[in-house]
Amino acid sequence: MRGLPNFYHSYTFFFFFLLILFPAYSISANTLSASESLTISSNNTIVSPGNVFELGFFKPGLDSRWYLGIWYKAISKRTYVWVANRDTPLSSSIGTLKISDSNLVVLDQSDTPVWSTNLTGGDVRSPLVAELLDNGNFVLRDSKNSAPDGVLWQSFDFPTDTLLPEMKLGWDAKTGFNRFIRSWKSPDDPSSGDFSFKLETEGFPEIFLWNRESRMYRSGPWNGIRFSGVPEMQPFEYMVFNFTTSKEEVTYSFRITKSDVYSRLSISSSGLLQRFTWIETAQNWNQFWYAPKDQCDEYKECGVYGYCDSNTSPVCNCIKGFKPRNPQVWGLRDGSDGCVRKTLLSCGGGDGFVRLKKMKLPDTTTASVDRGIGVKECEQKCLRDCNCTAFANTDIRGSGSGCVTWTGELFDIRNYAKGGQDLYVRLAATDLEDKRNRSAKIIGSSIGVSVLLLLSFIIFFLWKRKQKRSILIETPIVDHQLRSRDLLMNEVVISSRRHISRENNTDDLELPLMEFEEVAMATNNFSNANKLGQGGFGIVYKGKLLDGQEMAVKRLSKTSVQGTDEFKNEVKLIARLQHINLVRLLACCVDAGEKMLIYEYLENLSLDSHLFG
Ligand SMILES: *[C@@H]1O[C@H](CO)[C@@H](O)[C@H](O)[C@H]1NC(C)=O
Ligand SMILES: *[C@@H]1O[C@H](CO)[C@@H](O)[C@H](O)[C@H]1NC(C)=O
Ligand SMILES: *[C@@H]1O[C@H](CO)[C@@H](O)[C@H](O)[C@H]1NC(C)=O
Ligand SMILES: *[C@@H]1O[C@H](CO)[C@@H](O)[C@H](O)[C@H]1NC(C)=O
């Protein structure tokens, strides 16, 4: 069959001998041909060509049920990424995987199939072969055609609880499958659990986390760069995300561009979505990202027309122009009843839109999308339709493009300290009017104030310059050089500090203040994985800002008796002590009863290695 029949016969003969001589002989090839089989008793496996993945029978935990699965060969910690017969285990330690009637089947002790690829019909002309690829895909294909069109069946179309690089989550027109991941029942039990993560193709596609029949969390739609509900998502080193919407498919996938970097997205048996990356030095999986993260990630936390802000207390707020539907329950911090309009829409004209910034778009399952028009036409389109309640861009790249409109209620909205996008919500003229006037007044007066400030600043600057010149003339050369170097240093330090702050209120503190939310996001919500160390004063975390800057966060323990003013004084002192050989203090954070110091992050090195080489 592999070319000459003679060869084939001598092969089987040879194999037969091997099997007699070494019953535990492992095939260790990356293919399984029609004449070969995998059995529990022989303990043989199929290994992908580059030794990345391995397929075979396994027994999780202590019970006696056997499964056919795929795990990493290249990684010491046994991690299953796919299970064939998750809901139909073998009850004894007798089991066989083979190709039979153009299908892959798993047979039990009485040769009854417990699992099959269930392919029907089809004129299969040449023999089939099953192959494990280096990306973890197990394919059944024509033995003479290794091109994609020779593939009859692939495990990537039937995910278990793990999304591997190059594997697609979502809908494929050719097979009609909407591939999704579903959790294990428990860490020792691969059978189908309660939680799944599945793409909703209706409306503006987004991915939902389900607990059985109820929605728990949604990713938000893809906005050209990331999911609307995952503001911290960005192309990382070695990792590329891909969301494709076309007639042929609506899919999400990711790619790893370096061969020895391992990353996987999986859903735990307790319903947490997690991305892990393998850390070779630690011989462990590091949690890189997870969701849901906070109260505001909970689906419909603030009901209809409410939005969740994890920086406010309570977290639920009504959109401008709306008020709590049930003020009493709202006051008791249950936002799920949502909000109602203060003034009904008139439709006839005069309606307008309030612009909400840095938002996660509302549930888009029933929204409609027109990628061909921009934000101006989108506004017109929404105004023309009396049922239209909101609109936004579908793609935030550049100055934004595309149009998504909602008709009916808006729900599951939240805002972010960083990230998110503009959402325009329709309001009646009266609810807009007073706002317009007020903002006009504010703009008017702030322009006046700014002009005044600018003028006085220029005068002050000119005066200062004149003074400085006269001082410099009097100082000796050496002293002058030293001083100007110091001045330069200070300027560099200060400007680099300014750089990371937004327009924060720095009053008497030279150091920028960061918001708690910003620090929390940068440190993955103070996750244990980001912990660098711990001392009597508190815990130190590693963090990364959205712009990529790394930092070390010292979170002072809450039990510290120091007051906020003393803390600020001390920080001021440290800030003034900035020196070229000291780790630089970048910012501090006094927020939500927390006190934190944010330092520059130094890779992998401690002070002594700097001092003593
Ligand atoms: C199968 O082989 C692996 C390693 O090659 C070994 O750890 C395991 O105990 C073996 N299982 C059986 C049932 O022999
Ligand atoms: C194959 O078909 C059987 C019977 O219809 C079904 O129980 C089983 O789940 C199917 N297997 C797969 C892998 O779809
Ligand atoms: C994204 O995936 C689609 C098909 O799934 C593919 O055609 C496209 O080239 C991919 N884009 C990138 C940047 O990898
Ligand atoms: C607006 O909604 C109502 C009730 O849901 C429906 O009957 C009507 O056809 C809708 N109008 C448009 C223009 O879609």
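What's counted below: heavy atoms across the whole structure, side chains too, no hydrogens, waters or symmetry copies. Please read these numbers as outputs of a predicted model, since none were measured by experiment. Both ligands and their constituent atoms are indexed starting at 1 by order of listing.
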Report summary line: For atom 14 (O) of ligand 3, the closest protein heavy atom turns out to be N242 ND2, 3.4 Å
Query raised in the report: Within the structure, does at least one protein heavy atom fall under 4.0 Å of atom 9 (O) of ligand 3?
Result: no
Query raised in the report: Please walk me through it: do S253 and T251 pass side chain to side chain donor-acceptor pair (under 3.5 Å)?
Result: CA-CA 7 Å; S253 62; T251 56; 5.5 Å; no
**Report entry** Sub-4.0 Å atoms of ligand 2 with respect to non-hydrogen atoms of S116
**Finding:** 11 (N), 12 (C), 13 (C)
Query raised in the report: For T244, is at least one N or O under 3.5 Å away from an N or O on ligand 3?
Result: yes
Requested in this report: Identify the protein heavy atom lying closest to atom 5 (O) of ligand 3, giving its residue, its atom name and the separation to 0.1 Å.
Outcome: K168 NZ, 2.9 Å
Query - Within 45° cone of F208 ring axis and under 6.0 Å: K198 NZ or CZ - result: no
**Report entry** Backbone or side-chain N or O of W115 under 3.5 Å from ligand 2 N or O
**Finding:** no
Report task. Please work out whether the ring planes of W82 and W115 are parallel, tilted or perpendicular, with thresholds of 30° and 60°. Result -> perpendicular
Query raised in the report: If you count the atoms of ligand 3 from 1 in the order shown, which ones are under 4.0 Å from a heavy atom of R255?
Result: 14 (O)
Query raised in the report: Looking at atom 2 (O) of ligand 2, what's its closest protein heavy atom, distance included?
Result: N118 ND2, 2.2 Å
**Report entry** Heavy-atom closest contact (N415 atom, M359 atom, distance)
**Finding:** CB-SD, 3.4 Å
Query raised in the report: Given the side-chain rings of Y67 and F57, with only the six-membered ring counted for Trp, is the space between their centroids under 6.0 Å?
Result: no
Report summary line: atom 4 (C) of ligand 3: closest protein heavy atom, distance to 0.1 Å, is E249 OE2, 3.3 Å
Report summary line: dist S266:OG -> L164:CG (nearest 0.5 Å) comes out at 9.5 Å
Query raised in the report: Just how far is it from atom CG of D172 to atom OG1 of T244, taken to the nearest 0.5 Å?
Result: 11.5 Å
